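Since the model is a prediction, treat every value here as computed from it, not as a measurement. Heavy atoms only: backbone and side chains are in, while hydrogens, waters and symmetry mates are out.
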Amino acid sequence: MIVRLGLFAAICTAVAFPASAETYFVKTQKDYFAAEKVLNAGDTIVLANGVWQDFEIKFSGPGTKKNPISLRPQSAGKVILSGQSNLRIGGKYMVVAGLVFKNGYSPTGEVISFRRSKKDLASYSRVTNVVIDHFSKPDRYESDYWVGMYGKHNRFDHNHLVGKTNKGVTFAVRLDSTESQENYHRIDHNYFGPRPVLGSNGGETLRIGTSKYSMFNSNTLVENNYFDRCDGEVEIISSKSGSNIFRGNLFYKSRGALVFRHGDGTLVENNIFLGGGKAHTGGIRVINRNQTVRNNYMEGLRGTGFASALTVMNGVPNSPVNRYVQVDNAIIENNSVIDSGRITFNAGADQERSAVPVNSRFKNNLLGGAGGGSFVKIQDDISGIAFSNNILTNGKIEQSVVGIAEREVALVRAKNGLLYPKSENVGASRDLKPITRDQVGVSWYPKPSSADRFNTGKAIDVAPGEDSLTAAFAAASEGDRLILGAGEYLVNKVLPLDKTISIEGPKDSVARIRFARPSLVEIKQGGSLRLANLTIDGDMAPDSVGNAVIRTTIFPIQSNFLIDMDGVNVTNLDVNRSFHVIALGKSSLADRVSIKNSNFNNISGSVLQAAAETEDYGQYNAEYVDISESNFQDIGGEVFNIYRGGRDESTFGPHFSLTDSNFMNVGRNKNNISRTSMVLHGVQDAVISDNNFLDAAPIKIIHTVGRPQTRVSGNRAQNMPEPILEELNHEGAHRATLSNNQFEGATKP
């Protein structure tokens with residue numbers, strides 16, 4: 001039943017709407033659709049507070065500038081759209097405010113669409129104070145947008161978007177029809193909250209246009225937004241159209257860069273990039289014609305290559321629309337780059353990308369590096385860039401450049417929190433005002449903290465015994481620590497992990513866990529696991545296909561997870577020929593697998609199998625794998641198997657680090673098809689240093705794409721061949737760096 005609100009509604013709407021405007025208070029979907037059919041200029045639909053399950057909202061009407069049509073909740077934040085829900089907006093001068101999308105996903109390709117249908121696009125419409133919170137499709141590689149912006153002159157402001165875990169751009173401005181080009185949209189004061197690493201292409205936070213329509217202007221304004229830990233892929237923002245403006249935005253600890261991927265005539269000014277020393281945090285990448293980059297501030301960025309603090313790319317001669325147009329007439333001036341890892345000119349230079357920048361200017365910039373090595377990287381001819389009045393105050397430049405003066409400059413932190421030269425008149429202006437988290441998004445919905453996932457709950461003592469750990473695990477809450485006493489623990493059920501849990505034993509005695517199922521722990525959606533000071537014994541496990549101490553569920557896992565092992569002994573995984581310690585399945589991604597101070601012996605399979613994504617789409621199963629100060633003995637399969645295939649360049653990982661560890665009789669089982677002790681296929685950053693090997697199969701390193709960094713140094717080996725090195729897409733010598741290693745002899749399975 002539709003209720004026309006009386007005096008209260010009249011008071012609320014009298015200022016904005018004429019006396020004839022109606023306010024419809026609806027409690028059911030049936031009532032909503034009845035009201036939506038009769039909307040006139042100035043009308044309002046109010047949704048009753050509560051959870052609206054599986055609600056596909058269509059909202060369109062003939063609003064006017066003076067009398068828009070509105071959709072709002074009874075109380076801000078009290079209407080929750082869950083299950084399979086979405087919102088499609090058409091018409092003119094439509095306003096949506098105060099809704100929350102959570103605990104579900106859109107049944108279509110968009111959660112919010114500024115298009116009711118292909119013929120009914122929104123124009124002069126607004127979405128404000130709306131929340132989309134972890135409203136992701138269950139399969140991380142099923143693609144959708146959270147927001148699709150069509151039409152013209154629309155505004156998206158003061159919204160809260162956080163936690164997209166599946167493939168697809170968080171926010172896409174679409175130019176796929178004449179009615180959506182030259183659109184003059186405004187995207188402002190939004191909170192783009194943490195987007196975890198996707199582990200494949202398709203993880204941008206904001207994209208304006210596509211390659212197909214990149215020759216058209218969008219004229220979209222993106223200003224005063226806060227990008228908080230947006231780590232999806234190498235492009236935080238992908239500008240794929242012309243004449244856009246990015247102004248006054250703040251990027252906080254976000255991996256990747258703001259990229260002029262396609263389109264000409266874009267302006268980037270007054271933005272602030274704060275990396276906080278986080279890996280792969282970048283700034284601005286310049287491609288195409290007539291681009292302007294001015295008065296931006298970058299500090300604490302650690303990205304290199306395509307994700308440098310400032311990157312000017314080489315282009316492709318006569319480039320097709322989907323590749324890289326030569327940089328022509330770029331103006332890069334009055335920017336500050338401080339305590340950052342790299343500035344790169346002619347990035348991507350190779351046989352295809354051979355068109356160097358031309359007719360461009362680089363002036364009045366303050367440049368300061370962090371750490372050793374080259375800070376200003378020059379990969380090709382820079383004669384087409386006119387350099388003037390730039391100061392390099394810290395860091396090395398690969399070659400002397402007229403117009404970049406190298407001298408020390410004292411920096412002082414101003415009241416706005418930014419660093420400025422004490423006496424030089426270069427770099428960003430002193431009147432920059434960084435936007436803060438409390439100035440964006442909605443005021444009534446909390447923004448996520450950056451707290452450590454582990455140790456946020458309570459400590460729970462668990463006594464030895466049969467299924468005592470099983471019961472404690474089932475009763476534990478998010479962040480709890482299960483503290484085991486010395487003794488024997490038998491687990492008769494696979495422990496289903498859908499929260500963050502720590503299991504810790506005593507440091508001065510032994511807590512031994514045996515399990516009578518094929519696995520001890522199965523990671524599900526929301527699960528992360530820390531193990532410390534434990535002995536895990538597989539001698540009671542049945543012979544079953546897919547045995548693993550820790551495995552991921554067979555179903556896709558939306559959220560990334562952590563696995564941390566410190567002081568753990570794992571033994572007797574030999575009931576069949578492929579009993580693994582950790583097995584990561586398809587559509588799962590570990591943010592980090594960390595193993596230190598641990599021992600592994602008598603294992604028929606692998607310590608880590610992270611090679612389930614074999615379709616060569618650029619997907620993988622682990623972003624960081626860190627192994628240190630651990631021992632591996634009598635491991636039949638590859639100790640570590642990490643796979644990332646394909647030729648896509650949109651991700652930073654996987655990363656692999658192996659240091660100060662010992663290996664004896666590993667990789668030599670006749671059932672080990674690869675005949676190697678470890679396989680790193682497509683790993684983008686690998687360090688293998690200061691390890692000892694005895695009676696081991698060789699290490700196999702396969703480079704696939706991008707500019708992989710592999711360093712193998714200080715390793716000592718007896719009865720182990722030298723590493724097997726392969727390059728799949730690079731001509732010439734293998735790019736791995738090997739130094740100070742001792743590999744002696746050969747092994748036989």
Side-chain angles (χ1 to χ4, degrees), residues 1-76 78-101 104 106-130 132 147-156 177 179-180:
M1 176 178 171
I2 303 172
V3 179
R4 289 176 172 84
L5 296 185
L7 179 61
F8 174 76
I11 293 172
C12 292
T13 60
V15 175
F17 308 129
S20 59
E22 296 284 358
T23 298
Y24 301 98
F25 181 78
V26 298
K27 296 183 178 180
T28 68
Q29 293 188 33
K30 180 179 179 180
D31 290 346
Y32 170 83
F33 289 116
E36 196 262 345
K37 290 179 180 178
V38 297
L39 289 172
N40 293 304
D43 288 352
T44 298
I45 297 180
V46 177
L47 300 179
N49 290 348
V51 176
W52 292 67
Q53 186 82 9
D54 301 329
F55 188 12
E56 296 188 63
I57 304 173
K58 296 180 180 179
F59 183 56
S60 182
T64 66
K65 185 175 183 179
K66 290 185 178 180
N67 300 304
I69 299 173
S70 299
L71 171 64
R72 63 175 177 83
Q74 181 182 357
S75 305
K78 300 298 183 181
V79 167
I80 310 298
L81 299 164
S82 66
Q84 297 190 42
S85 298
N86 60 20
L87 167 65
R88 284 175 276 183
I89 307 167
K92 292 185 177 181
Y93 294 102
M94 310 296 289
V95 179
V96 178
L99 306 178
V100 177
F101 290 86
S106 173
T108 60
E110 294 158 328
V111 179
I112 297 176
S113 177
F114 282 77
R115 182 177 73 174
R116 191 177 187 271
S117 67
K118 287 188 175 181
K119 294 183 178 180
D120 185 12
L121 279 62
S123 60
Y124 299 97
S125 295
R126 182 183 183 191
V127 172
T128 185
N129 279 273
V130 166
I132 307 178
V147 181
M149 202 172 222
Y150 304 83
K152 296 181 186 290
H153 297 281
N154 295 312
R155 186 182 181 194
F156 189 85
S177 67
E179 294 79 12
S180 295

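Sorted by first and then second residue, the pairs that involve residues 45-54 and meet side chain to side chain donor-acceptor pair (under 3.5 Å), not counting sequence neighbours, are N49-S75, Q53-S82.
At a threshold of 4.5 Å between non-hydrogen side-chain atoms, the residues L121 and S177 count as touching. Within the 4.5 Å cutoff, the side chain of V130 has no heavy atoms near those of the L87 side chain. Counting only heavy atoms from C-beta outward, the side chains of V147 and I132 approach each other to under 4.5 Å. Between F59 and I69 the shortest side-chain heavy-atom distance falls below 4.5 Å. Side chains of V46 and S70 form no contact here, defined as non-hydrogen atoms less than 4.5 Å apart. Counting heavy atoms from C-beta on, the side chains of T44 and R72 come closer than 4.5 Å.
Annotation: salt bridge (Lys or Arg N to Asp or Glu O under 4.0 Å) contacts of E110 (sequence neighbours excluded): none. Listed by chain and residue number, nothing satisfies the salt bridge (Lys or Arg N to Asp or Glu O under 4.0 Å) test with E179 (two or more places apart in sequence, or in another chain). Partners of R155 according to the salt bridge (Lys or Arg N to Asp or Glu O under 4.0 Å) rule, which considers only residues two or more places apart in sequence or in another chain, are D157, D188. Under the side-chain contact (heavy atoms from CB on, under 4.5 Å) criterion, K58 pairs with R88, R116, sequence neighbours left out. The side-chain contact (heavy atoms from CB on, under 4.5 Å) search around P107 returns E56, Q84, N86, not counting sequence neighbours.
Judged purely by atom type and a 3.5 angstrom limit, D43 uses its side chain to pair as donor or acceptor with the backbone of E22. In this structure, N154 contributes its side chain and A122 its backbone to a donor-acceptor pair below 3.5 Å. Under a 3.5 Å cut-off, the side chain of S85 and the backbone N or O of F55 do form a donor-acceptor pair. Side-chain atoms of N40 do not come within 3.5 Å of backbone N or O of A21 as any donor-acceptor pair.
Listed here is the closest heavy atom pair of P73 and A97: CD-O, 2.9 Å. Shortest non-hydrogen contact noted between S125 and G91 is OG-O, 4.1 Å.
Around NZ of K92, the count of heavy atoms belonging to other residues, nucleotides or ligands within 6.0 Å does not exceed 12.
The line from CZ of F25 to CG of L47 is 9.0 Å long, rounded to the nearest 0.5 Å. In this structure, L81 CG and L99 CG are separated by 5.5 Å, a value rounded to the nearest 0.5 Å.
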Task: Intermediate values then yes/no, side-chain contact (heavy atoms from CB on, under 4.5 Å), V127 and F114 - done: CA-CA 9 Å; V127 172; F114 282 77; 3.4 Å; yes
Open item on the list: Evaluate I57 against V96 for side-chain contact (heavy atoms from CB on, under 4.5 Å), listing each step before the verdict.
Closed with: CA-CA 11 Å; I57 304 173; V96 178; over 6 Å; no
- [ ] Output, in order, the C-alpha distance, side-chain angles, deciding distance and verdict of side-chain contact (heavy atoms from CB on, under 4.5 Å) for L71 and I89.
- [x] CA-CA 10 Å; L71 171 64; I89 307 167; over 6 Å; no
